[in-house]
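Values in this document were obtained by computation on a predicted structure and should not be read as measured data.
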Amino acid sequence: MQVRMSRMFHSEELLETHSELKQIVSSPKEAADQNHQQKDSMTGPEVDPVRQTNRNIHHHEEQVEAHNNYKRRDPLEILEHVKVDDSLQSPKSTIKKAFTDSSDNDNELSISKEELKKIEKQLRLVFVEFYQKLLHLKDYSFMNLSAFSKIMKTYEKRTSRAASTAYMTVVDNSYLGSSDEVNFLLEKVESTFIRNFTHSNHKKGRKLLRQKAKTEKQSITFFTGFFCGCFLALLVATILRITSQQFIKKKKGTFYMENIFPLYSLFGYITLHMLVYAANTYYWKRYRVNYPFLFGFRAGTELDYRQIFLLTSGLAVVALLCFLINLQIEMNSRSQQYKTLTELVPLILVVLVLLITFCPLNILYRSSRFFFIRCLFRCICAPFFTVRLADFFLADQLTSQFQAFKSVELYICYYGLGEHSRRQKKCHTRGIYNIQYFIVGIIPYWFRLAQCMRQFYEEGDINRAFNSLNYLSTITAMVFRTAFELKKGNSWKVLALVFSALAVLQNTYWDIVKDWGLLQRLSNNPYLRDKLILPHRSIYFIAMVVDIALRISWMQLVFEMDWSPLRKVAIITVTSCLEIIRRGIWNFFRLENEHLNNVGNYRAFKSVPHPFSYYDEEKDKDE
């Protein structure tokens, strides 16, 4: 339901906040211009001081008059010239923009309550980001003054000349050392934010504006150690249980490992990927790669390696415990009556994980869970959203979980079609399952292909088109490999080998040269980059060799498919785990390269668009 903005008591307050913010943002430039004018009037011999003073007074009077005229204007008249910027894109808005022209609807001044809430949230974010940048500017000024003081002290020690006092006097009297403009802006932004967004609650306003350092909790360390001990104990118990009665050599054990083990392997892939990501966050933090900024985490909500490892160990303990219980009932002849019930344990575990992931309550790192859900949703709707680094980074992680996607399809067939109660192993004999088996394997690669197409459409960068060809070749290879797995035949095998080799060559080159920025011939570091974060160059060469080796291991599934069921399950599982480990290595160097490009090209900033824009039709016609 839409209502007119004139009926909303909060809209005028938001517009005043926006106008104050525009004045705040423009004030540093105006102040700098006034300072330059004053400096020119003091130093330029050809400028008349009286004329310059009159000009400044006249300019100040114009500003005061314009401000008074703005205060005297009717708010409803101002609202007629205000346009809401649709900066938050969605699939619906993208399709509408592609097929319709929304310029005719700009004059309609109506807005829904939901849109007003989004506008208020965006304005709050604008204030917080601007306040944080002012704090950074203040710290930058202080660091420069401190650095100059230390330089002068070192100069005095080496030259035995007492020149520090004279130089520091000049620096302290300069604009950098004597200006209080940043402090004035900080006070003004803080007062405006507290008045309009926290209802004059100073404590709440300062808490939102000023970042708090994260405190490490000892309970995280305790529970992580507890879960790790439980996992090792359960792992030893599982191995002893399988080997003690030679369960795998029996026909029942073979059937169990072929059908039930792939269901639990899904949690193994997820756990391994989370463990690799925890290692990545540890080394990113150790070598000062600013991953929270690059991913776009809200300040103070990013998870460090200790918290990620806690979640990883907890999930591993629950999954392994369920597997051990299921295995115990399967091997014990006296508990066969509970067999049908225990086969529902994997499904219950999946439902539990999904419920925790989408739980709206503020438990288990809700902000991080919702951040993951938003990125996953943008991956699914890839062509309709502007692609950010966190989006395509997550999509790249999903491409290494292609076997997990096939496990999800097995869940659908095993429980959706009732195979868990029949135990007949008829999933692969169903035509619908085989068709979905083709589709599921290429879904994660389609996400990246669609994202590359969207980036090429927006940026016009030819490298995005070349990158999309890499994923297209991988999709083609996956189709032929799946066809060979289901239909056999030498012709399918040859096609699978050719397209897999082509995909490996393309993706290996892109990983090392484009994503990692290595193998630069004219670099200061031979065949590496000009700037490196790791202290030992040999690590980069080892990483390149390991990436090539693990890429090639991805092909070995094509060479022979006439393995025994147990050997086939084991090789597929090991190959999938190696691909996840390769992705973890790729993660570190990919983000390292992104971090260096941000620093080297001065791109390390965060822009927040304003939700309102003011336009004047008469002024636009004159221009």
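Looking only at side-chain heavy atoms (C-beta outward), Leu311 and Tyr365 come within less than 4.5 Å of each other. Taking the side chain as every heavy atom from C-beta outward, Tyr527 and Leu518 never approach each other to under 4.5 Å. Using a 4.5 Å heavy-atom threshold, the side chains of Arg464 and Ser468 count as separate. Residues Phe541 and Met544 have side chains in contact (heavy-atom distance under 4.5 Å, counting atoms from C-beta outward). When side chains are defined from C-beta on, Leu532 counts as touching Tyr540, because their heavy atoms get closer than 4.5 Å.
Although no hydrogens or angles enter the test, the distance criterion places a donor-acceptor pair under 3.5 Å between the side chain of Arg306 and the main chain of Lys217. With hydrogens and angles ignored, the 3.5 Å screen pairs no side-chain donor or acceptor of Thr271 with any backbone N or O of Gly268. The main-chain N or O of Leu145 is never found under 3.5 Å from a side-chain atom of Ser149 such that the two would form a donor-acceptor pair.
Ring geometry for Tyr282 versus Tyr305: interplanar angle over 60°, hence perpendicular rather than tilted (30 to 60°). The aromatic rings of Phe385 and Phe377 stand perpendicular to each other, their planes meeting at an angle above 60°, with 30° marking the opposite boundary. Taking the six-membered ring where tryptophan is involved, the planes of Phe295 and Tyr291 are perpendicular, since the angle between them exceeds 60° and thus also 30°. A tilted orientation is assigned to the rings of Phe371 and Phe297, their planes being inclined by 30° to 60°.
For the atom pair CZ of Phe393 and SG of Cys375, the computed distance is 11.0 Å after rounding to the nearest 0.5 Å. Note: Phe392 CZ to Gln397 CD = 10.5 Å, rounded to the nearest 0.5 Å. Taken to the nearest 0.5 Å, the OG1 atom of Thr386 stands 4.0 Å off from the CD atom of Glu458.
With Thr281 as the partner, the side-chain contact (heavy atoms from CB on, under 4.5 Å) test is satisfied by one option alone out of Ile308, Asp304, Asn587: Ile308.
Shown here for Lys138 and Leu186, the closest heavy-atom pair between the two residues is CD-CD1, 4.0 Å. Of all heavy-atom pairs spanning Ile580 and Tyr269, the tightest one is CD1-O, 3.7 Å.
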Go through the steps for Glu579 and Arg582 under the test salt bridge (Lys or Arg N to Asp or Glu O under 4.0 Å), then give the verdict. CA-CA 5 Å; Glu579 171 61 20; Arg582 187 201 66 81; 3.0 Å; yes
Go through Glu302 and Lys285 one step at a time and tell me if the salt bridge (Lys or Arg N to Asp or Glu O under 4.0 Å) criterion holds. CA-CA 12 Å; Glu302 72 279 1; Lys285 185 176 181 180; over 6 Å; no
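Contact check on Asp511 versus Arg551 returns a salt bridge, with a Lys/Arg side-chain nitrogen under 4.0 Å from an Asp/Glu carboxylate oxygen. The pair Glu594-Arg590 meets the salt-bridge criterion, since a charged nitrogen lies less than 4.0 angstrom from a carboxylate oxygen.
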